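A short worksheet on the structure shown next.
Scope of the values below: all heavy atoms of this structure, side chains included, with no hydrogens, waters or symmetry mates. From a predicted model like this one, the values you see are computed outputs, not experimental measurements.
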Amino acid sequence: MTTSMTTAIGDAKPLWRPSAERKAQANVTQFMGWLDAKYELKFGTYDQLWAWSVAQPEAFWRAVWDFFKCTSDTPITKVLGRSEMPGAQWFEGAQVNYAFEILKTAQQSPDQAAIVFCSELVGRQEITWGQLAETSGAIAHHLQSIGVQPGDRVVSYMPNIPQTACALIAAASVGAVWSSCSPDMGSTGVLDRFRQIEPTVLVAVDGYRYGGKDFDRRDVVRELVRELPSLKAVVFVPYLDPNATLALDQQDSARVALHSFAAITETPRVFSPMWVPFDHPLWIVYSSGTTGLPKPIVHGHGGTIIENQKGNQLHLDLKPEDRFFWFSSTSWIMWNLWISTLMVGCTLLQVDGNPGYPDQNRLWKLAEQEKLTFFGASPAFFSQCMKLGLTPAKQFDLSALKTVGATGSPLTQEHYHWIYSEVASDLMLASISGGTDPGTAFLASCPILPVYAGEMQCRGLGCALYAFDEAGRSLVDEVGELVVTQAMPSMPLRFWGDTDGSRYFGSYFDIYPGAWRHGDWLKLIPRPEGVTGVIYGRSDSTINRYGIRMGSSELYRVVEGFPEILDSLVIDLEYLGKPSFLAMFVVLADQKIKHDETQPELAAVSVPDAIRHAVKGAIREQLSARHVPDELYLIPEVPRTLSGKKLEVPVKRLLLGHPVEKAVNRSSMANPQVIDWVLEFARHWQAGVR
């Protein structure tokens, strides 16, 4: 780097400190006490515990296994064999099963609620642990009866409903490999994912309701069956219409057996999982795939078990008595984290539908009604609440709430202040950052540490996380590339179909030998209680103006602080032999712009002068005169991935004239329709309409 980016951070004083009682009761405190009693390992601070966890990875991960009583059907011969990345070998000899760990509570408390389900279609439902185990057992028995073998892929085109959770548990219990897409995805996006993994069984829904509108997806299901020649069976779930049926094309019906979910689960079955090796594939999740086919990332049973036990209990501080919620679709790995929380034994709230329907208070009402102790959502959700002036603490009884979680994009200082002001003053704000790729959080929360505005509390235990400069030197209190220098059990086993490992290696390990480069800008900040972290956005979309680099998140923090602006997107356009042009796109709270703008309307669209001047002045004063946008433009909405990340690089490529098929994969987007608007804008922009 020629120079470091702007590095504004939060206030020197924390927004929250845990009480002495909360510290004493925290799971991580109990873990440290257990280490002292069993091994005479004494840690006075979290940072000391973290340092030991990365200095002695074998001892740490074995301690996590033992502390949480993870189960193996056979003895463990070695915790860490080959340690180099990629290809580290964990817990050799172990025979495990994710579904077994999920359903341990069913044996002890079969009549307690495992899942509370709410949707726009059906009223509140409770699924007990016994029902969850019996339904999952029935599906597992059926999968085996139709010939599903360990390693076969079972895929889902289902919303966030109890049937989806049961199908995942069933697939895992028989050693099948799970993968899911939400039914709001079109056929192209689903096929881009599922074609790569050649599934044997498809679990599919007839449709779903979102924002009060019904969406029949049976035509898409038929197309999936037609275009996936590896399929042998479809399990059909009539969700939108309980009386719905699915008729397959004659040619497909001869090849693919059609089964009814209701008939399969009519007779409960005893749950009996199949023991599989620690590194047996559990599920396949997908990278954003914004410019090419999504990467099919394979995570294993054992790594998922031990990492989620560590993360859910030592970092999120979840206990069996908790009531946990994290809003997610089945296309995002946060859904996998949500269901993995069942390993703790707590009760989960499952919500399907639009979080803002019939109004933006829907989730806060549920938090009161269900007495949630943990409430998780995306920064975009909290931004919307802020813009609408919501005051949840004044409107609802949130006294049970102990923790608010957030991930998907950086949570700003303003988000932090709003949550502590308008949600609750005494809670842990668990802003975390990791991802689909590693199957874990690199930066995490910790119930015995304070919370500083805009900063994530700590580096995850067992995660050797650092910020590197271009030469591979570790940086402190400076912005650098986020790297992980040691293997973790949850890291991908491989990419499906990547037979020689070259795609996997090239995705993370081709910059810093032996270290995972994630593609984020990271700053590690020394605080009196330990090291906190700030993510400044993707390193491949950094704004470099006259040798001064800045993360896009810094500009978003300033721009989206204006009440008139709902959302924004900044693009640094650099042309050979010409000065760079910094374009800022904004979504105004009261704008009328549509996706199908015609040329005259497009040319006439402009940001009001008062807002333009105010935004430019704020960036100049708060950040840097060099990073003041050359111009501001209105955009109907900001293009985003399915997990909510802004598509900075693909939009930049479109504005620079790259072919759309090489610049962006629409199937990876939450709002692909906006790309047509971007293309129209790009044509006029390149012709000089500015």
Side-chain angles (χ1 to χ4, degrees), residues 65 70-77 89-104 106-107 132-156 158 163-180 194 196-203 228 230-235 257 259 261 264-265 269-285 296-309 333 335-336 339-340 342-343 439 489-497:
W65 176 280
C70 299
T71 304
S72 172
D73 192 48
T74 52
I76 296 166
T77 57
Q89 297 172 333
W90 291 96
F91 288 87
E92 296 176 11
Q95 294 281 319
V96 300
N97 192 286
Y98 173 85
F100 180 86
E101 298 293 338
I102 287 282
L103 291 175
K104 277 183 176 179
Q107 303 172 24
L132 186 67
E134 290 175 348
T135 302
S136 301
I139 302 169
H141 180 269
H142 177 77
L143 292 176
Q144 289 181 319
S145 72
I146 62 174
V148 172
Q149 298 295 313
D152 285 350
R153 277 72 66 207
V154 173
V155 297
S156 158
M158 299 272 286
Q163 294 94 323
T164 317
C166 292
L168 164 58
I169 295 169
S173 72
V174 301
V177 186
W178 173 265
S179 192
S180 67
F194 290 170
Q196 296 185 72
I197 66 172
E198 300 178 306
T200 298
V201 177
L202 168 66
V203 185
L228 293 171
S230 60
L231 281 180
K232 297 179 180 178
V234 172
V235 176
H259 305 277
F261 185 94
I264 290 169
T265 57
R269 294 281 182 172
V270 176
F271 167 71
S272 181
M274 174 184 296
W275 298 106
V276 295
F278 188 90
D279 61 356
H280 186 82
L282 168 62
W283 55 49
I284 298 170
V285 291
I297 301 166
V298 185
H299 291 147
H301 275 250
T304 300
I305 290 168
I306 197 168
E307 176 57 42
N308 278 276
Q309 291 285 33
I333 198 172
W335 186 82
N336 304 63
I339 198 170
S340 295
L342 288 169
M343 283 190 279
S490 65
M491 284 178 169
L493 302 174
R494 59 185 181 276
F495 293 167
W496 195 269

Q: For Ile306 and Trp90, run side chain to side chain contact (heavy atoms under 4.5 Å, CB included): C-alpha distance rounded to whole Å, both residues' side-chain angles, the deciding distance at 0.1 Å, then the answer.
A: CA-CA 11 Å; Ile306 197 168; Trp90 291 96; over 6 Å; no
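- Between atom CG of residue Asn336 and atom CG of residue Leu168 there is a gap of 7.0 Å, rounded to the nearest 0.5 Å.
- Using a 4.5 Å cut-off on side-chain heavy atoms (C-beta onward), Val96 and Ile305 make contact.
- With values rounded to the nearest 0.5 angstrom, Ser340 atom OG is found 11.0 Å from Glu101 atom CD.
- Annotation: side-chain hydrogen bond (donor to acceptor under 3.5 Å, both in side chains) contacts of Ser179 (sequence neighbours excluded): Tyr286.
- Between Trp283 and Tyr98, the ring planes are perpendicular. Angles over 60° get that label, and only those under 30° would be called parallel.
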Q: Please report the C-alpha distance between Phe495 and Ile297 in whole Å, then the side-chain angles of each, then the deciding distance to 0.1 Å, and finally whether the side chain to side chain contact (heavy atoms under 4.5 Å, CB included) criterion is met.
A: CA-CA 5 Å; Phe495 293 167; Ile297 301 166; 3.7 Å; yes
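- Within the 4.5 Å cutoff, no side-chain heavy atoms of Ser72 are placed close to those of Phe91.
- Partners of Ser230 according to the side-chain contact (heavy atoms from CB on, under 4.5 Å) rule, which considers only residues two or more places apart in sequence or in another chain, are Glu198, Pro199.
- Trp335 is linked by a side-chain hydrogen bond (donor to acceptor under 3.5 Å, both in side chains) to Asn160, counting only residues two or more places apart in sequence or in another chain.
- What you find for Ile169 and Ala99 is that their closest heavy atoms are O-CB, 3.4 Å.
- Residues satisfying the side-chain contact (heavy atoms from CB on, under 4.5 Å) criterion with Ala140, sequence neighbours excluded, are Ala170, Ser173, Val174.
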**Q.** Test side chain to side chain contact (heavy atoms under 4.5 Å, CB included) applied to Trp275 and Thr71, step by step
**A.** CA-CA 10 Å; Trp275 298 106; Thr71 304; 3.8 Å; yes
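- Listed by chain and residue number, Gln313 satisfy the side-chain hydrogen bond (donor to acceptor under 3.5 Å, both in side chains) test with Gln309 (two or more places apart in sequence, or in another chain).
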Q: Begin with the C-alpha distance, continue with both residues' side-chain angles, and end with the deciding distance and a verdict on side chain to side chain contact (heavy atoms under 4.5 Å, CB included) for Val201 and Ile146.
A: CA-CA 10 Å; Val201 177; Ile146 62 174; 4.1 Å; yes
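- Residues that satisfy the side-chain contact (heavy atoms from CB on, under 4.5 Å) test with Ser180, not counting sequence neighbours, are Ser156, Trp178, Thr330.
- Rounding to the nearest 0.5 Å gives a distance of 13.0 Å between NE2 of His259 and CD1 of Ile139.
- The ring-ring contact (aromatic ring centres under 6.0 Å, His included) test applied to His280 returns His301, not counting sequence neighbours.
- With rounding to the nearest 0.5 Å, the separation of SG in Cys166 from CG in Leu132 is 5.0 Å.
- By the side-chain hydrogen bond (donor to acceptor under 3.5 Å, both in side chains) test, Glu307 is found to be paired with Lys310, Thr440, residues two or more places apart in sequence or in another chain being considered.
- Legend: side chain to side chain donor-acceptor pair (under 3.5 Å) pairs involving residues 143-154, not counting sequence neighbours: none detected.
- Atoms CG and CG, from Asn97 and Leu103 in turn, are 9.5 Å apart once rounded to the nearest 0.5 Å.
- Put simply, the side chain of Thr164 does not reach to within 4.5 Å of the side chain of Val203, judged on heavy atoms.
- Leu231 contributes atom CG, which lies 5.5 Å from atom CG of Leu202 (distance to the nearest 0.5 angstrom).
- Phe261 meets the ring-ring contact (aromatic ring centres under 6.0 Å, His included) test with no other residue; sequence neighbours excluded.
- Using a 4.5 Å cut-off on side-chain heavy atoms (C-beta onward), Pro281 and His299 make no contact.
- The salt bridge (Lys or Arg N to Asp or Glu O under 4.0 Å) test applied to Lys232 returns no partner, not counting sequence neighbours.
- For the residue pair Ala176 and Val148, the shortest heavy atom distance occurs at CB-CG1, 4.0 Å.
- At least one donor-acceptor pair under 3.5 Å links the side chain of Thr74 to the backbone N or O of Gly93.
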